[in-house]
Peer 1: 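Structure below; questions to follow.
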Amino acid sequence: MSNFASLKQRINVMCDIFHGIKTLAVVASCLIMTILCSSCFGDEPDGCEADIETVTLHVNNPGDFFFQATDSMQTVFSTDSVITFAVRGDADVTALSPVLTLSAGATVSPASGSTHDFSNGPVTYTVTSQDGKWHRNYRVNIVPTMVTVTDTLRYDFEHYELETATQRYYMWHNLLPDGTLGNDWATANAGYRISMSTAAPMDYPTTPLAQGYDGAAVCLMTRDTGPFGHMANKRLAAGNMFLGTFDIRIAMSDHLHATRFGIPFTDRPDHFTGYYTYEPGPTVQDFNGNPIAGRTDSASVYAVFYRNHDADGNEVVLYGDNVLSSDLLVAVANLGYVKPTTTWTAWDVKFEYRQEVDEQLLANRGYSLSIVFSSSASGGDFIGAIGSRLCVDKVRLICTHEE
Amino acid sequence: MTIKRIITAALFIAVMAMGMSASVLDSVHYDVRLGYALGGTIPSHIGKEIRGINSYRPGFNFTVAAGATYSFNEHWALHSGLRFELGGMDADSRVKNYDIEVVRGDESLSGIFNGNVRIKSAQRRITLPIQAQYNVNKKLAVRGGFFMGWLTNRRFWGWAYDGYLREGTPVGPKIEMGSEPGDRGDFDFDANMRHMQWGLDVGADWRFTHRWGAFVELTYGFSNIFKSDFHSVMPLRPLYGTLGVSYRIK
């Protein structure tokens with residue numbers, strides 16, 4: 001008994017000693033690391049980024065110059081190198097002084113605030129990083145824009161090319177009424193590249209189809225996002241295409257807000273037509289990649305028309321989480337159930353109006369329109385069937401006018 | 001393969017010791033040790049890309065060792081043995097212009113990261129030290145020599161968070177990273193770690209009684225903990241100190 005007690009006592013003492021050592025060790029190592037690190041941190045390195053982050057135009061009578069007060073300032077995406085201000089058709093753009101904000105420490109030539117004539121086309125600015133090693137060229141356009149009245153907008157998907165900087169994925173251009181090419185169509189292909197750097201251009205979710213209903217078409221396919229996607233529990237990427245912009249900055253941290261639906265629109269859409277084929281993939285999978293028995297994948301084909309400023313006058317775009325539910329929606333044309341078919345099938349959907357259209361606001365670019373296609377309607381929640389394929393061609397937007 | 005070599009070497013030393021004459025054996029002492037290590041892996045040099053340490057916590061770093069000391073004379077001796085070490089750390093640092101490459105399967109994502117980087121590591125290691133020992137007096141002995149280590153289990157993982165990546169180059173697309181799994185940039189470099197480590201090992205023993213003593217040990221690895229073809233993280237080397245108690249069996 002006494003032997004046992006003494007053994008127990010010894011063990012207790014040993015435990016105390018080790019506990020003491022451990023505590024001391026933790027404190028000591030924290031101190032060592034702090035001293036070690038604080039003593040040898042070098043001077044802060046110079047910035048290596050060379051972005052224009054915002055551009056602001058100050059003019060004397062903003063109401064006569066801009067369509068909307070919020071048009072005077074633009075936030076520039078990191079992927080953009082062309083910045084365009086659409087201003088009133090009679091605005092004088094011969095002497096304007098854009099004010100630029102840049103990456104920390106970067107410099108720009110010509111200087112921010114310097115005065116230029118924008119009536120002969122864009123002015124090129126060159127930004128140099130603080131460390132002097134990196135440069136970016138930007139073209140700033142200030143374009144007097146006539147509000148045109150159009151009966152039918154045509155989207156035929158004939159103009160596509162590999163993205164200039166990476167040559168890894170396709171992007172599309174729309175034919176503008178004046179015959180030039182616009183950048184109104186966006187896809188999430190740039191986001192797919194984050195997870196699948198080795199994918200070939202035709203293995204992306206959104207690809208061209210050379211033989212469509214009439215000339216080329218666009219094909220959207222739900223794709224596996226590979227090892228990175230699985231690690232992040234974002235296991236698939238639905239093929240999508242929409243009128244608007246894709247914000248790669250938040251594609252990883254806030255993907256539903258990366259799809260910015262809508263471009264300013266000055267006509268009153270009445271109905272929306274086009275041709276499609278749709279083949280759902282074999283197995284719908286849930287968020288965790290497990291098959292959902294008995295469910296067939298569904299596609300999205302719809303168009304929305306909405307007020308692009310809220311009640312407080314803030315500029316608004318619709319996102320993946322409110323494009324069909326926002327209070328600012330004025331009219332929606334939704335094909336609803338997209339019946340699977342392997343032959344080109346026509347659709348014609350009328351816009352259902354929920355609010356009156358204010359003609360004055362319409363003329364001042366106060367409304368936006370988006371057309372949205374997706375190969376998996378629940379792709380935003382990473383639910384869908386890999387292999388689901390929606391092809392779309394010859395899309396028409398037919399508008400009406402006030403007498 | 002290499003682990004077999006370590007064990008063979010240890011057995012060889014043991015057999016050598018046993019094979020010696022009785023008088024030689026009288027000059028051999030055996031001890032067991034229990035210690036707690038502090039430290040972990042440190043960069044060869046801390047670049048100016050690392051702007052600060054948000055937190056640093058050592059892991060559960062216990063060491064169990066069995067050693068033999070052969071005395072040549074009153075002052076000089078040779079010390080060797082086998083150590084079983086648990087090591088690990090959890091470091092959280094703030095970085096600017098940090099070159100990062102995350103690889104998974106055939107896919108990779110690389111660029112310049114600004115924000116925070118959390119690094120966790122854990123390993124189990126068998127170490128064979130060979131040290132010359134100098135007995136300063138009856139109580140104090142100092143030791144110095146080399147060690148060879150073999151990692152039987154190695155983990156190195158973490159994530160880049162609350163910041164942004166410039167993909168490819170500083171003028172590439174800006175991609176924000178959040179703090180939650182799925183929003184941040186996770187990495188896992190277990191497979192890129194070396195199995196072998198070697199380096200410098202110095203220590204000191206203080207004997208309280210005939211059998212009980214305390215020891216300190218400082219271990220510094222000469223080899224990068226990562227394989228030479230791996231560049232995703234700056235080169236890191238093991239550096240840790242061990243405090244503990246020793247018990248002389250004979």
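Side-chain atoms are counted along with the backbone in the values below, which use heavy atoms only and exclude waters and symmetry mates. Chain A is the first sequence line, chain B the second, and so forth, proteins listed ahead of strands; every chain is numbered from 1.
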Peer 1: Does CG in D106(B) sit with more than 12 non-hydrogen atoms of other residues, nucleotides or ligands closer than 6.0 Å?
Peer 2: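 12 or below, so no.
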Peer 1: Counting only heavy atoms closer than 4.5 Å, note whether D247(A) contacts chain B via side chain, backbone, both or neither.
Peer 2: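 Contact with chain B: none, neither part.
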Peer 1: Find the one option among S78(A), A165(A), G47(A) whose heavy-atom pairs under 4.5 Å with chain B are most numerous.
Peer 2: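 Of S78(A), A165(A), G47(A), S78(A) has the most heavy-atom pairs under 4.5 Å with chain B.
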Peer 1: Indicate yes or no: does R118(B) engage D90(B) in a salt bridge with an N to O separation below 4.0 Å.
Peer 2: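 Judged by the 4.0 Å cut-off on N to carboxylate O distance, R118(B) and D90(B) do form a salt bridge.
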Peer 1: Under 4.5 Å heavy-atom distance to chain B, tell me which part of H230(A) shows up: side chain, backbone, both or neither.
Peer 2: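 Neither part; nothing is under 4.5 Å.
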Peer 1: Below 4.0 angstrom, N of the basic side chain to O of the carboxylate: do R166(B) and D51(A) qualify?
Peer 2: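 Yes.
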Peer 1: Name the region of T79(A), side chain, backbone, both or neither, that has any atom closer than 4.5 Å to a heavy atom of chain B.
Peer 2: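 Contact with chain B is through the side chain of T79(A) alone.
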Peer 1: Compare every heavy atom of D224(A) with every heavy atom of Y192(A), then report the nearest pair and how far apart it is.
Peer 2: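 Heavy-atom minimum between the residues: OH-O, 2.7 Å.
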Peer 1: Mind checking whether D183(B) and K234(A) have side chains closer than 4.5 Å, heavy atoms only?
Peer 2: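 Touching, per the 4.5 Å side-chain cut-off.
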Peer 1: Looking at R193(A), K133(A), H135(A), which makes the most heavy-atom pairs under 4.5 Å with chain B?
Peer 2: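 Max contact count across the listed options: R193(A).
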Peer 1: Can you say whether N114(B) sits under 4.5 Å from chain A via the side chain, the backbone, both, or neither, judging by heavy atoms?
Peer 2: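 Contact with chain A: side chain only.
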Peer 1: Using 0.5 Å steps for rounding, measure from the CE atom of M171(A) to the CG atom of L162(A).
Peer 2: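 Answer for the CE-CG pair, M171(A) versus L162(A), is 10.0 Å.
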Peer 1: Are there more than 12 heavy atoms of other residues, nucleotides or ligands under 6.0 Å from atom CZ of R155(B)?
Peer 2: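 Buried by this count: over 12 neighbours within 6.0 Å.
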Peer 1: Contact part of I112(B) toward chain A, heavy-atom cut-off under 4.5 Å: side chain, backbone, both or neither?
Peer 2: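 The side chain, not the backbone.
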Peer 1: Does any heavy atom of chain B fall under 4.5 Å from the side chain of S195(A), the backbone, both, or neither of them?
Peer 2: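 Interface part for S195(A): backbone (N, CA, C, O).
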Peer 1: So which part of R249(A) gets closer than 4.5 Å to some heavy atom of chain B, the side chain, the backbone, both or neither?
Peer 2: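 For R249(A), backbone and side chain are both near chain B.
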